[in-house]
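These notes are about the structure you will find just below.
Note that this is a predicted model, so its numbers are computed, not measured. Computed from heavy atoms alone, side chains included, the values below leave out hydrogens, waters and symmetry copies. Labels below follow one simple rule: chain letters A, B, ... track the order of the sequence lines, proteins then strands, and each chain is numbered from 1.
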2 protein chains.
Amino acid sequence: MSKATIKDIARAANVSVATVSRVVNNGPKVGAKTRERIQHLISTMGYQPNINARSLVMKKAATIGVVIPDVADPFFAALANGIDQIARENKVQLLISTGQVSAESEMKAITSLMQQRCESIVIHSKKIPDETLIALFNDNPKFVLIDRYIEAISHRCIWLDNHIGGQKAADYFSELNHSNIACVNSNLDIDDPKERLAGFQRGLASHGLTLNDKLITYASPSLQGGEQAAQDLLKQNTPFSAIFVYNDAMAIGVISTLEDKGLSVPNDVSVIGFDDVLLSRYSRPKLTTLRYPIDSMAKNAALLALSANINPTAQSSSYSPELVIRESTQAL
Amino acid sequence: MSKATIKDIARAANVSVATVSRVVNNGPKVGAKTRERIQHLISTMGYQPNINARSLVMKKAATIGVVIPDVADPFFAALANGIDQIARENKVQLLISTGQVSAESEMKAITSLMQQRCESIVIHSKKIPDETLIALFNDNPKFVLIDRYIEAISHRCIWLDNHIGGQKAADYFSELNHSNIACVNSNLDIDDPKERLAGFQRGLASHGLTLNDKLITYASPSLQGGEQAAQDLLKQNTPFSAIFVYNDAMAIGVISTLEDKGLSVPNDVSVIGFDDVLLSRYSRPKLTTLRYPIDSMAKNAALLALSANINPTAQSSSYSPELVIRESTQAL
DNA sequence: TTGAAAGCGTTACCAC
DNA sequence: GTGGTAACGCTTTCAA
């Protein structure tokens, strides 16, 4: 029964609401015995401050918001979880607002949070144009952009260096002596696939290797997409012994199709995924992949969003994916 | 810049705040032209109602809360996602509050939500005692309990019939002519493992089969737990051709160990999991499992929590797990 | 050390 | 149709 208000406590304690407010907020200048008496009343009467009233007068809420496309996707669930941990440590409530991957709904998700007077928001947005975001960030000093880099607001971006990821995959394939190399990419119209591919190609080039255009296929970044892409690859009738795949889900789809066609992974073909989601440790063979350190990225984003004064001169926060070698790759 | 208040709009439009409030809330009795003029001002001045002020006077917030142990766990992520979908449809903000699996932190998560004046809360709690929950639900008519059944508040419970799940597994093993049967269960001190096992044993009995006590092992409900449990099983030196496993993660661990020891699934041993999480479709062999319809359960829970008048005479909401046959089982 | 009172931005009731 | 105004529960000067 959280019906008791600050007035009820004040009345019961024979003091003014001001005094009660002081003890609730650990304010100074309250007599030891009054404080104790009030505290007692608070717990026996089960008083809980009304956060709405507080937010109203303070003109801000003790909340942190996060905008993601979807809670069910393991990747975004991990992102939300990282933020949640920081939120708990700082005793602020987590507000999750989902927008599909469309500029409009991403924007809607953000305004919804702003209406709650939520000041600190970690935003994952692939579709809102740069300029819109820049304007938004200028008005809202506690917004943080995750998984995306925009020059003008770089000190409030937490992003992954996709190029390096591609490069590391290329380096590893080269080290393993592969030379007939394929790539399965995402067909989504966002930057990440392009960057990963570019990095991969540059890495290959640095080892004197090249990627045959016929061996680049695109599909939706899912298990089914991976299965589809692998079939397309096989149709090319062009030999390959290694594939760099856009993400782990696709990679598992690719492997599944390959094995159905009698090709063994890693004996006949090596596969590298991307993200290192839970899945990759459960699959057989366990997936060699590039770890997306989403947990620490999320935590840092939350910390940044919560910190009162965002330091514009802070070092920029680019993260590098780490190669995790498991069982889906092998030397030729 | 969401600085404009209702007063600013009123002033600019030369009307009273009351009138502005009416158009904001689509209230009746506003002149067509005044309404239009005000609407124009609202959008040009970028006015957004302060939700805290609104909640304060309305004594309730347009939010729905959910209490789960963890956002990162795919099962709970799916639960949260179902609720989120209903929340979006009803234009209410989703509040997620995580408590580990402990009575204390589950309780903390609930009070945190109540402080926000969140009335509708979907609670997943395994540890808070029945009586506490009953008292809580009596004071809060819009709470809903998910994944647990308590007689006294049964019309506000949405739960899965674990017994039937166990029974269906038993039926299927019997149909497949298995008779040397094992069980890998969770060692967590909650009801679900007991219920699933009881249902399984009853099902077996109805087919004249029995479960050798030596072939029941307990471990943590995770991949590693499954691996461990399978090793324990093998040590018994008691033959078995089928295993009923507590959940999919464990089942994948079990399969992994089995195959490492040279036993093929399903050729040498059939495995049935529980939950039908994403994982089970990605594993090889794809898992035969009992589907936990968490998505529809979550949606119904959300609907129930949001509905103004919870009907105490409503039919109780027990769900049955459905057997999903894939590749990890086969007839003897 | 304590109290009185002025807001914070809304909604809703009652006049006009 | 429209306006005035009292709440809602809290924090924070300013006085005492």
Closest to side chain of [X], choosing from [options]:
| X | options | result |
| --- | --- | --- |
| B:Lys29 | D:dG1, C:dT1, C:dT11 | D:dG1 |
| B:Ala18 | C:dA5, D:dC8, D:dT5 | D:dT5 |
| A:Val17 | C:dA5, C:dT10, C:dG7 | C:dA5 |
| B:Lys59 | D:dG3, D:dC8, C:dT11 | D:dC8 |
| A:Ala53 | D:dC8, D:dT11, D:dC10 | D:dC10 |

Quick one: does B:Arg117 reach the base of D:dG9 with a side-chain donor-acceptor pair under 3.5 Å?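 Looking at the base of D:dG9, it does not pair with any donor or acceptor on the side chain of B:Arg117 (distance under 3.5 Å).
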Can you find a donor-acceptor pair, distance only, under 3.5 Å between B:Arg35 side chain and D:dG1 base?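 For B:Arg35, whose side chain was compared with the base of D:dG1, there is no donor-acceptor pair (under 3.5 Å).
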On DNA chain C, does the nearest nucleotide to B:Pro49 precede the nearest nucleotide to A:Arg22 from the 5' side, or the other way round? Give the residue. A:Arg22
Compare side-chain N and O positions of [X] against OP1 and OP2 of [N] and report whether any pair is under 4.0 Å apart.
| X | N | value |
| --- | --- | --- |
| A:Ser16 | C:dG3 | yes |
| A:Thr34 | C:dT2 | yes |
| A:Thr19 | C:dG3 | yes |
| A:Ser21 | D:dT11 | yes |

Parallel, tilted or perpendicular: which describes the rings of B:Trp159 and B:Tyr149, with under 30° parallel and over 60° perpendicular?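 Correct class here is tilted.
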Between [atom2] of [N] and [atom1] of [X], the distance in whole Å:
| X | N | atom1 | atom2 | value |
| --- | --- | --- | --- | --- |
| B:Arg11 | C:dG9 | CZ | P | 11 Å |
| A:Asn25 | D:dT12 | CG | P | 7 Å |
| B:Lys7 | C:dT11 | NZ | C1' | 13 Å |
| A:Leu56 | D:dT11 | CG | P | 11 Å |
| B:Gln115 | D:dC10 | CD | P | 10 Å |
| B:Ile6 | D:dG3 | CD1 | P | 12 Å |
| B:Ile51 | C:dG9 | CD1 | P | 15 Å |
| B:Asn50 | C:dT10 | CG | C1' | 8 Å |

Does A:Lys126 NZ have over 12 foreign heavy atoms under 6.0 Å away? yes
Over 12 non-hydrogen atoms of neighbours within 6.0 angstrom of NZ in A:Lys108: no
How would you label the contact of [X] with the nucleic acid (heavy atoms, under 4.0 Å): base, sugar-phosphate, or nothing?
| X | value |
| --- | --- |
| A:Asn14 | sugar-phosphate |
| A:Asn52 | nothing |
| B:Val24 | nothing |

Looking at A:Asp73 and A:Phe75, would you say the former's side chain and the latter's main chain have a donor-acceptor pair under 3.5 Å? yes
Over all heavy atoms of both residues, which pair between A:Ile110 and A:Phe143 is shortest? Give the atoms and the distance, please. CG2-CE2, 4.1 Å
How long is the straight-line distance from CD of A:Gln116 back to CG of A:Asn52, given to the nearest 0.5 Å?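 Answer for the CG-CD pair, A:Asn52 versus A:Gln116, is 9.0 Å.
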